[in-house]
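To start, the structure itself, in structure tokens.
Worth saying up front: this structure is predicted, and the values here are computed from it rather than measured.
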Amino acid sequence: MKPPKKKVQFAWAMYDWANSVYSLVITSTIFPVYFNSVTSQGEDNDIVTFFGFEIVNTVLYSWSISFSFLLIALISPLLSGMADSGGKKLAFMKIFAVIGASSCIGLYFFTGENLEYGIFCSVFASVGYAGSIVFYNAFLPEISTFDEYDVLSAKGFSLGYLGSVILLVLNLVMIQMPELFFLKDGGEAARMSFLITGLWWIGFSLIPFKYLPEKPGTKKISTSLLLSGYKEISNVFREVRQRGDLKQFLLSFLFYSMGVQTVMYMAASFGDKELKLSGDKLIITILIIQLVGIGGSYFFGWLSKNYGNKLSLCIMVFIWIGICIAAYFVHSEYEFYVLAFVVGLVMGGIQATSRSSYSKLIPGETEDTASYFSFYDVTEKLAIVVGTFSYGFIEELTGSMRESSLILAGFFVIGMVFLYKVTFPNHKLVKA
């Protein structure tokens with residue numbers, strides 16, 4: 001018997017609960033702070049040697065993120081096309097989740113001396129996370145109706161914020177009081193948090209793995225599965241070029257995601273290097289972002305449903321422009337907290353609304369949901385590649401992250417221009 005629709009939707013949303021701990025613990029808080037700590041040679045010496053090349057540690061971290069997302073951007077269209085043809089979305093989602101969770105567990109053995117190993121694990125954790133999201137997102141239009149997209153997408157992000165906050169609080173207590181957990185010091189506690197993150201990710205993933213439907217492939221494949229993947233992506237690419245609103249939205253999403261994703265990945269490094277905030281204060285800052293993000297996801301989901309996706313997205317992009325400009329002038333701990341509150345308000349909202357907005361622009365009759373969502377995910381991954389590389393490049397040139405924040409503001413402005421040209425289906429005022 002097929003499980004009830006509500007149970008399937010809840011199971012789908014629980015994958016956000018499962019994987020979002022990676023986004024928070026590994027990419028946004030504990031790992032960046034730990035990485036900076038174990039790779040710094042002193043207050044004014046942040047140069048590390050990576051495969052014989054000398055580079056600033058935060059630039060290396062930024063560029064490693066760029067490389068990991070460039071890798072997944074290259075392979076995810078192929079994989080999603082294969083998944084659509086062969087009906088293997090759930091199988092590919094499982095494979096990438098295992099890769100990501102195992103890599104997080106592997107970071108337990110990163111001590112700073114084995115720098116190449118640590119970068120290797122962090123890259124593959126990123127690949128596993130990004131790859132699984134391609135197939136996870138593709139389930140949204142299959143398990144819900146048009147009018148459910150906004151709320152269900154917001155529910156997923158909200159569960160992700162809540163679950164990751166719970167684990168982060170536990171990790172913070174471990175780091176502050178390692179003796180209570182029979183750990184030697186905060187460094188060992190940080191490494192233990194990477195281990196727990198991997199176990200949490202794979203453990204809670206068993207819920208969506210059990211209930212999400214594996215839709216059988218309906219297309220007769222006459223060539224190898226590899227070639228069919230290229231064929232599916234080629235077909236979708238031609239359709240995207242012919243759909244003006246879909247093309248304009250993807251261009252807008254590309255540019256404003258350069259800003260959103262770079263802020264998410266580099267916020268802790270900014271607070272550490274530019275404001276000299278301690279690790280516990282940086283984690284508190286990210287907690288503020290996560291907790292406010294829960295409300296922000298639901299608020300902008302409601303705004304999109306009742307007043308239209310375009311208005312909701314335009315408001316958020318405008319706020320993001322202000323955030324990037326304000327970051328240039330932030331000098332105190334409390335100013336950073338205020339900025340974090342505003343980031344939290346629009347962080348979850350813009351991610352959830354972007355996902356549901358794209359779902360509304362996909363042709364309703366298509367069977368290639370994974371291939372369509374691969375374009376969405378590849379766009380996001382390329383945005384991360386360009387955003388984080390630009391951020392690190394400007395820091396390398398100027399020696400400061402503040403100038404990099406102004407570059408991000410420019411990305412948001414370009415995104416706003418393209419967004420203005422998009423018309424969404426049923427974009428009418430609806431009474432609550």
Do [X] and [Y] get their side chains close enough for a donor-acceptor pair, meaning under 3.5 Å?
| X | Y | value |
| --- | --- | --- |
| S356 | S153 | no |
| S20 | S164 | no |
| Y15 | W201 | yes |

Does any non-hydrogen side-chain atom of L250 lie less than 4.5 Å from one of Y358?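 In contact.
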Are the side chains of V48 and E54 in touch, meaning some heavy atoms are under 4.5 Å apart?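 Side-chain contact under 4.5 Å: no.
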Quick one: side chain to side chain donor-acceptor pair (under 3.5 Å) pairs with a partner in residues 96-109, sequence neighbours left out?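 Residue pairs with at least one partner in residues 96-109: there are none.
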For [X], enumerate each residue passing the ring pair (Phe, Tyr, Trp, His ring centres under 6.0 Å) test, keeping only those at least two apart in sequence or located in another chain.
| X | answer |
| --- | --- |
| F69 | Y265 |
| F412 | W320 |
| W200 | W17, F204 |

Check the surroundings of atom [atom1] in [X]: do more than 12 heavy atoms from other residues, nucleotides or ligands lie under 6.0 Å from it?
| X | atom1 | answer |
| --- | --- | --- |
| F318 | CZ | no |
| Y117 | OH | yes |
| F10 | CZ | no |
| E116 | CD | yes |

So, K5 and E148, do they make that salt bridge, N to O below 4.0 Å?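 Salt bridge flag = yes for E148 with K5.
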K89/E142 ion pair, N-O < 4.0 Å: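 Yes, K89 and E142 are salt-bridged.
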Please report the interatomic distance [atom1]([X]) to [atom2]([Y]), rounded to the nearest 0.5 Å.
| X | Y | atom1 | atom2 | answer |
| --- | --- | --- | --- | --- |
| M192 | L183 | CE | CG | 5.5 Å |
| M316 | L311 | CE | CG | 9.5 Å |
| F341 | L339 | CZ | CG | 12.0 Å |
| L152 | K6 | CG | NZ | 8.0 Å |
| E395 | I407 | CD | CD1 | 13.5 Å |
| I202 | N19 | CD1 | CG | 11.0 Å |

What are the two closest heavy atoms between T111 and V38, and how far apart are they?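 Where T111 meets V38 most closely, the heavy atoms are O-CB, 3.8 Å.
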Can you see which heavy atom on E335 is nearest to which on H331, and at what distance?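 Scanning both residues completely, I find the closest heavy atoms to be OE1-N, 2.8 Å.
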Would you please indicate if the ring centroids of F92 and F96 are separated by under 6.0 Å?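 Centroid separation for F92 and F96: 6.0 Å or greater.
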Aromatic ring pairing [X]/[Y], orientation class (parallel under 30°, perpendicular over 60°, tilted between):
| X | Y | answer |
| --- | --- | --- |
| Y136 | W12 | parallel |
| F389 | F393 | parallel |
| Y129 | Y22 | tilted |

Can you give the donor-acceptor pairs under 3.5 Å from side chains of residues 253-264 to other protein atoms, not counting sequence neighbours?
from	atom 1	to	atom 2	distance (Å)
Y256	OH	S354	OG	2.6
S257	OG	F253	O	2.8
Q261	NE2	E380	OE2	3.1
T262	OG1	M258	O	2.5
T262	OG1	T388	N	3.4

If the condition is side chain to side chain contact (heavy atoms under 4.5 Å, CB included), which residues does L345 pass it with, not counting sequence neighbours?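 Partners of L345 under the side chain to side chain contact (heavy atoms under 4.5 Å, CB included) test: V292, F300.
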Reference residue I175; test side chain to side chain contact (heavy atoms under 4.5 Å, CB included); the match among V33, L170, D185, I30: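 That would be I30; it is the only one of V33, L170, D185, I30 passing the side chain to side chain contact (heavy atoms under 4.5 Å, CB included) with I175.
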